[in-house]
Each structure stands twice: as C-alpha cells, then as structure tokens.
Student: 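Let me give you the structure first, and then I'll get to my questions.
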Amino acid sequence: INIQVWESEEKLWIQVEDNGVGFDVANMEHIDTDSKHTHIGLTNTRQMLHVVYGDKAGIQVESQLGKGTKALIFIPLENGRSHNVESNDC
C-alpha cells in the first residue's frame with residue numbers, strides 16, 4: 001500500500017494505492033444507487049465526506065482487475081486549513 005498526502009488548489013489530497021486484485025469500475029457511476037453493488041465502503045466514504053466537508057469534497061477511484069486500485073480523496077481547505085473534525089466512531 002502506498003499513501004501520499006499533499007495540499008494543492010485549496011484542497012487536501014489523500015491518495016491510497018495498492019497492487020491488489022482490483023475490481024471492474026465499469027459500473028462505478030451507479031455506485032450510490034445500486035443496492036446490489038458490493039463496494040459499500042466506497043459509497044459510505046463518499047457520503048461521509050459530503051456530510052462532514054460538503055459538496056466540494058469527494059473521492060475518485062481507478063482500478064484494474066489484477067493490477068490494483070487507486071483512491072484519491074480530496075477535502076476543501078478553509079482559509080488554507082482543513083476542517084477540525086473529531087470523531088470517536090472509528
């Protein structure tokens with residue numbers, strides 16, 4: 001697993017990449033509406049980002065079967081700083 005974090009364009013960027021089995025992203029556009037979809041963690045992550053940080057936050061996912069997955073999370077910065085969010089719900 002490779003994790004990178006940086007600030008750019010008034011956002012905090014977090015990239016997580018692995019060389020695992022990957023998955024087919026052909027139906028990713030339906031990830032939030034397809035109740036039979038098995039990638040519930042991605043749906044939950046996207047929803048939580050929007051609840052906590054608003055519509056300018058999100059996640060982009062690239063994956064190839066047999067080659068791994070890369071997730072890019074972006075969070076808006078307020079006045080050059082990220083939101084101060086505390087949670088004990090981990």
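One is the number of the first residue; the rest follow in order along the sequence.
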Student: Do I73 and I75 make a side-chain contact, defined as non-hydrogen atoms from C-beta onward lying under 4.5 Å apart?
Tutor: yes
Student: Return the CG to NZ distance between D18 and K70, rounded to the nearest 0.5 Å.
Tutor: 11.5 Å
Student: Within a radius of less than 6.0 Å around CG of L65, do more than 12 heavy atoms belonging to other residues, nucleotides or ligands occur?
Tutor: yes
Student: Examine distances only and state if a side-chain atom of H50 and a backbone atom of G58 form a donor-acceptor pair shorter than 3.5 Å.
Tutor: no
Student: Do L12 and F74 have side chains that get closer than 4.5 Å, going by heavy atoms?
Tutor: no
Student: Can you confirm whether L49 sits close enough to I59 that some side-chain heavy atom of one is under 4.5 Å from a side-chain heavy atom of the other?
Tutor: yes
Student: Which residues, ordered by chain and number, are linked to V21 in its hydrophobic cluster, where ILVMFWY side chains connect at heavy-atom gaps below 4.5 Å, directly or through other members?
Tutor: none
Student: So, the side chain of W6 versus the backbone of I14: is there a donor-acceptor pair under 3.5 Å, distance only?
Tutor: no
Student: If you look only at pairs with a residue in residues 58-68, which of them pass as a side chain to side chain donor-acceptor pair (under 3.5 Å), with sequence neighbours excluded?
Tutor: S63-T69
Student: Using a 4.5 Å cut-off on heavy atoms from C-beta on, say whether the side chain of L77 contacts that of Y53.
Tutor: no
Student: Treat each ILVMFWY residue as a node, draw an edge where side-chain heavy atoms are under 4.5 Å apart, and state whether I1 and L72 are in one component.
Tutor: no
Student: Give me the atom names and distance for the closest heavy-atom approach of K11 to K56.
Tutor: CE-O, 4.0 Å
Student: Are L42 and W13 linked, directly or through intermediate hydrophobic residues, by side-chain heavy-atom contacts shorter than 4.5 Å (ILVMFWY only)?
Tutor: no
